Amino acid sequence: MPDISTSLLDWYDQNARQLPWRSDISPYRTWVSEIMLQQTQVDTVIPYFERFILRFPDLPSLARASQADVLREWEGLGYYGRARNLHKAAQLLCQEHNCQLPADVEALRRLPGIGRYTAGAIASIAFGIAAPALDANIRRVLSRLLELREPAGSPAGEKILWEAAGRFLSQHRPGDHNQALMELGALVCTPKAPGCQRCPLSGECLAYAHGSQNDLPARAEKPAVPHFIVTAAVIQQGDKVLVAQRPQGGLLGGLWEFPGGKLETSDPDLPACLRREIREELGVEVCVGQSLGVFRHAYTHFRITLHAFACSLPPGEDIPVSEAVRWVTPSELAGFPMGKVDRLIARSLQARAA
DNA sequence: GACGCGTGGTC
DNA sequence: TGACCAAGCGT
């Protein structure tokens, strides 16, 4: 096992990007940045981090906020469970831990939204604790360094990689060491066309020695991505439209949408699909009118083509409002957190009304 | 332990 | 344009 830390940290000191969360380091800022960075690239996170910190500058301000306000700041970033858990954890910490993040890996690990990686990252970066971290970048760097044939993500591969992350770790600068490995993975040891010529670890890298860097890390086969046809109803009454809140647990949980759903084989056509969905969700028959557009969108595990329709209620029919069903004017839609496609529809309505 | 969970960039 | 990829976590 070579000592990679010295050359790694030297490289990091010369090449680290200046990022918002690398100045004014505090446990709170480190925490917010690490949650945002889960499965999300640095360039995407930067503007969200800046806005979020302006809006919620410290842990008490986040704990006091409403979930809708937190989700609105998160809108567009995806994986909204991260925002719900961040908010929940802030409230827990202010109830039980004096509004302080614990300086302890196991205690961090128990907070909602903090798993093995994030606990190690916060502990090492914010508190200087010698805890390893393993993310997609470090998996790739270490897989190549060790020329690991086990697929990253497999149980055997994970075991080897976590042990390696711990063995390599600098006891002196663990936070910089973890960030340096991630920085190296993001800037040099990239998935395609890795820059081995300018890599500080190429001399120790088994993959580079054998020319196998482009074939690593090994990957398991991925299943085919299904494609669904879905419909959405913009139900209009006077100058208002109906929006519904999605349940907390699942896809786009807690966000608002124009109701609708998947086309089933039993549906004769798109309007029939939409009438069925609205009947099932809201208990009323709607009149389906003109098309408001067709939207394609790719989620992680499936793809949709969404057909939006202007709809109206027959005379005498009504829909009772509730916590999760509201009639709002197009200009009020901006206050309701939404996913990508529904926001596109909402914006087209605002433009139409203006 | 396998699966569900968003979105944007890249090639 | 479609497939791949990304500072993972919860159930």
Side-chain angles (χ1 to χ4, degrees), chain A residues 16-17 19-22 30-49 71 74-86 88-89 108-126 132-141 152-159 161-162 165 175 177-187 189-194 217 219-227 246-255 257 295-305 337-344:
Chain A
R17 289 170 289 183
L19 301 175
W21 46 90
R22 287 184 180 159
T30 301
W31 176 38
V32 171
S33 70
E34 286 302 334
I35 300 299
M36 287 188 170
L37 286 162
Q38 289 168 4
Q39 297 285 279
T40 311
Q41 296 188 346
V42 164
D43 290 342
T44 303
V45 166
I46 289 173
Y48 282 90
F49 179 82
L71 284 173
W74 208 271
E75 183 179 309
L77 200 51
Y79 287 132
Y80 299 94
R82 297 184 296 175
R84 297 194 301 271
N85 283 331
L86 185 72
K88 193 188 309 175
L108 286 167
R109 181 72 180 73
R110 280 184 233 114
L111 291 168
I114 297 185
R116 194 174 179 184
Y117 160 77
T118 306
I122 296 174
S124 62
I125 296 168
L134 187 65
D135 77 317
N137 286 304
I138 303 181
R139 280 190 181 86
R140 185 169 59 253
V141 172
S154 70
E158 287 295 285
K159 190 172 189 313
L161 289 171
W162 273 104
H177 174 103
N178 284 331
Q179 292 188 86
L181 280 175
M182 292 188 271
E183 198 82 339
L184 190 66
L187 300 180
C189 194
T190 47
K192 292 178 182 174
R219 302 204 168 277
E221 276 192 39
K222 293 195 173 175
V225 177
H227 185 172
R246 297 178 60 88
Q248 291 289 322
L251 182 76
L252 303 171
L255 276 63
E257 67 173 1
F295 304 83
R296 294 160 178 259
H297 188 65
Y299 295 89
T300 306
H301 296 289
F302 60 94
R303 178 184 309 273
I304 64 165
T305 299
M338 293 181 156
K340 184 71 195 300
V341 177
D342 287 275
R343 182 56 72 203
L344 281 176

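Per chain, numbering begins at 1; letters A, B, ... match sequence-line order. Just so it is clear, the structure is predicted and the values come from calculations on it, not from any experiment.
The distance between atom NE2 of His177(A) and atom P of dA7(C), rounded to the nearest whole Å, is 16 Å. In this entry the distance linking CG of Asn178(A) with C1' of dA7(C) reads 10 Å, nearest Å. For the pair His301(A) NE2 and dC4(C) C1', the computed distance is 13 Å after rounding to whole Å. Between the P atom of dC5(B) and the CZ atom of Phe302(A) lies a distance of 6 Å, rounded to the nearest Å. The distance from atom CG of Leu86(A) to atom P of dG10(C) is 12 Å, rounded to the nearest whole Å. The distance between atom CD1 of Ile138(A) and atom C1' of dA6(C), rounded to the nearest whole Å, is 14 Å. Nucleotide dA3(C) holds its P atom 13 Å from the CZ atom of Arg296(A), rounded to whole Å. Atom-to-atom, CG of Leu161(A) to C1' of dG8(C) comes out at 15 Å; the value is rounded to the nearest Å.
Counting only distance, with no hydrogens or angles, the side chain of Glu158(A) and the backbone of Gly153(A) share a donor-acceptor pair below 3.5 Å. Looking at Glu75(A), its side chain does come within 3.5 Å of a backbone N or O of Met338(A) through a donor-acceptor pair.
Comparing dG1(B), dA7(C), dA6(C) by their nearest atom to the side chain of Arg140(A) picks out dA6(C). Comparing dC5(C), dG1(B), dA7(C) against the side chain of Leu37(A) picks out dA7(C) as the nearest.
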Task: Under 4.0 Å protein heavy-atom contacts per nucleotide of nucleotides 6-11 of chain B, with B for base, S for backbone only and - for none - done: BBS---
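If you check every strand for non-hydrogen atoms under 4.0 Å, Leu134(A) touches nothing. Thr118(A) comes within contact range of the sugar-phosphate backbone alone, with a heavy-atom separation under 4.0 Å but no base atom that close. Across all strands, Ala121(A) comes closer than 4.0 Å to no nucleic acid atom at all (heavy-atom distances). Residue Trp74(A) is classed as having no contact, given no heavy-atom separation below 4.0 Å to the nucleic acid. Using a 4.0 Å heavy-atom cutoff across all strands shown, Arg22(A) reaches at least one base atom of the nucleic acid. Across all strands, Asn85(A) comes closer than 4.0 Å only to sugar-phosphate atoms, never to a base (heavy-atom distances).
Taking atom P on both dC9(C) and dG8(B), the two are 22 Å apart, rounded to the nearest angstrom. For the P atom pair drawn from dA7(C) and dC11(B), the interatomic distance equals 15 Å after rounding to whole Å.
The phosphate of dA7(C) (OP1 or OP2) has no side-chain N or O of Arg139(A) nearer than 4.0 angstrom. The side chain of Arg109(A) places no N or O atom within less than 4.0 Å of a non-bridging phosphate oxygen (OP1 or OP2) of dC9(C).
In summary, the side chains of Arg82(A) and Gln39(A) do not present any donor paired with an acceptor at a separation below 3.5 Å, with no hydrogens or angles considered.
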Task: Working for salt bridge (Lys or Arg N to Asp or Glu O under 4.0 Å), residues Arg22(A) and Glu183(A) - done: CA-CA 12 Å; Arg22(A) 287 184 180 159; Glu183(A) 198 82 339; 3.1 Å; yes
Open item on the list: Please evaluate residues Tyr117(A) and Gln38(A) with respect to the criterion side chain to side chain donor-acceptor pair (under 3.5 Å), reporting the C-alpha separation (whole Å), side-chain torsions for both, the decisive distance (0.1 Å), and the verdict.
Closed with: CA-CA 9 Å; Tyr117(A) 160 77; Gln38(A) 289 168 4; over 6 Å; no
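With ring centers used as reference points, His297(A) lies under 6.0 Å from Tyr299(A). Aromatic pair Phe49(A)/Trp21(A): centroids less than 6.0 angstrom apart.
Here His227(A) contributes atom NE2 and Ile304(A) contributes atom CD1; the two are 8.0 Å apart, rounded to the nearest 0.5 Å.
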